[in-house]
S.K.: 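My structure is below; once you've seen it, I'll send some questions.
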Amino acid sequence: MNQEPETRRATEQTSPLRRALIATEDGCFTAEFSAHGLARLSFPATPGIRVPKSAVSEDLSAPPPPAWLKQTCAAVDDVLAGRAPRVFPPLDLSCGTPFQQFVWQALSKIPVGETRSYGEIARDIGRPRAVRAVGAACGANPVPLLVPCHRVLAANGKLGGFSGGPEWKPRLLRREGSWGEA
DNA sequence: TAGTCAGCGCTAT
DNA sequence: ATAGCGCTGACTA
């Protein structure tokens, strides 16, 4: 027996992922489903996303459940249009640490058209000083768009960073009416 | 405005 | 165990 009792590493994936492409006007997103739900959503042609191949086994022959795929498409479509998704696929965020999952949970509560600061999120999860850790957790968000990390801005009102490509953040916010009307 | 430092969780040594 | 890093924030000059 080794060291980890039940704490799964972020890079560890027990079940194979089923991948599907989601075509939108903004390009082709990639959705990857585990046995529990949507585990990962990638921006179109986004380089630099770190996902260790050795740690993730993909089953490309088995398509994801049509219902999940349909729900994901609808949700992505809504967010890209600046609308609140009417339906969500089940999300599998088990790849995250407890802290990260708290952060992602807090992000999910930000309504469309509103933004929060990293400090606010840190405060929401009961760790007011962990502002930078919150930023790191946002960067580790496996399901952008549906977990709206783009609605988190720096405290000074600036955009801050964005792992999925800096151009996406203002684009998404503008469609939600949260950017360019200040 | 630019520069600096504190502070927190994660990953790799 | 520990050093370095990140989608920060607050202070100082």
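Quick note on labels: first sequence line is chain A, next is B, and so on, each numbered from 1. All values below come from the heavy atoms of this structure, side chains included, with hydrogens, waters and symmetry mates left out.
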S.K.: Quick one: does Q100(A)'s side chain get under 4.5 Å of T97(A)'s, heavy atoms only?
M.R.: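 Yes, side chains in contact.
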S.K.: Could you pull out all donor-acceptor pairs under 3.5 Å where a side-chain atom in residues 68-89 of chain A meets a protein atom, sequence neighbours excluded?
M.R.:
residue, atom, partner, partner atom, Å
T72(A), OG1, W68(A), O, 2.7
D78(A), OD2, R86(A), N, 3.3

S.K.: Scan the side chains in residues 115-125 of chain A for donor-acceptor partners under 3.5 Å anywhere in the protein, sequence neighbours excluded, and list what turns up.
M.R.:
residue, atom, partner, partner atom, Å
R116(A), NH2, D124(A), OD1, 3.4
R116(A), NH2, D124(A), OD2, 2.9
S117(A), OG, G119(A), N, 3.4
S117(A), OG, E120(A), N, 3.0
Y118(A), OH, K169(A), NZ, 3.2

S.K.: Are V112(A) and W104(A) grouped together when hydrophobic residues (ILVMFWY) are joined by side-chain heavy atoms under 4.5 angstrom apart?
M.R.: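 No, no single cluster joins them.
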S.K.: Once you round it to whole Å, what is the distance between P of dC10(B) and CZ of F99(A)?
M.R.: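 To the nearest whole Å, that distance equals 7 Å.
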S.K.: Write down the distance between CH2 (W104(A)) and P (dC7(C)), rounded to a whole number of angstrom.
M.R.: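 Answer to the nearest Å: 14 Å.
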S.K.: Pull out every residue in residues 114-137 of chain A that has a heavy atom closer than 4.0 Å to any atom of DNA chain B, ordered by number, or say none.
M.R.: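 Contacting residues: R127(A), R129(A), A130(A), R132(A), A133(A).
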S.K.: Verify the neighbour count for atom CD of E25(A): are there more than 12 heavy atoms of other residues, nucleotides or ligands below 6.0 Å?
M.R.: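 No.
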S.K.: Anything under 3.5 Å between a donor and an acceptor, one on a side chain of residues 148-159 of chain A, the other on a protein residue two or more places apart or in another chain? List them.
M.R.:
residue, atom, partner, partner atom, Å
H150(A), NE2, E176(A), OE2, 2.9
R151(A), NE, E176(A), OE1, 2.9
R151(A), NE, E176(A), OE2, 3.2
R151(A), NH1, I110(A), O, 2.9
R151(A), NH2, E176(A), OE2, 3.0
N156(A), OD1, K158(A), N, 3.0

S.K.: Does atom CZ of R171(A) have more than 12 heavy-atom neighbours, drawn from other residues, nucleotides or ligands, at distances under 6.0 Å?
M.R.: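 Above 12, so yes.
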S.K.: I need the minimum non-hydrogen distance between A39(A) and P142(A), along with the two atoms involved.
M.R.: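 Where A39(A) meets P142(A) most closely, the heavy atoms are O-CB, 3.4 Å.
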S.K.: Honestly curious: do L107(A) and W168(A) fall in one hydrophobic cluster under the side-chain, below-4.5 Å linking rule?
M.R.: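 Hydrophobic grouping puts L107(A) with W168(A).
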S.K.: What integer distance in Å separates N156(A):CG from dA10(C):C1'?
M.R.: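 After rounding, the reported distance stands at 11 Å.
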S.K.: Output a table of nitrogen or oxygen pairs between the protein and nucleotides 2-4 of chain B separated by less than 3.5 Å.
M.R.:
none

S.K.: Please name the pair of heavy atoms, one in G96(A) and one in Q101(A), separated by the smallest distance, quoted to 0.1 Å.
M.R.: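 In terms of heavy atoms, the two residues are closest at O-NE2, 2.9 Å.
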S.K.: Whole angstroms only, please: what is the CZ-P distance between F162(A) and dG6(C)?
M.R.: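 For the pair F162(A) CZ and dG6(C) P, the rounded distance is 17 Å.
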S.K.: Which ranges of DNA chain C pair up as stems, where a stem means three or more consecutive Watson-Crick or G-U pairs with both distances under 3.5 Å?
M.R.: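 When the pairs of DNA chain C are grouped into runs of at least three, the stems are B:1-6 with C:8-13, B:8-13 with C:1-6.
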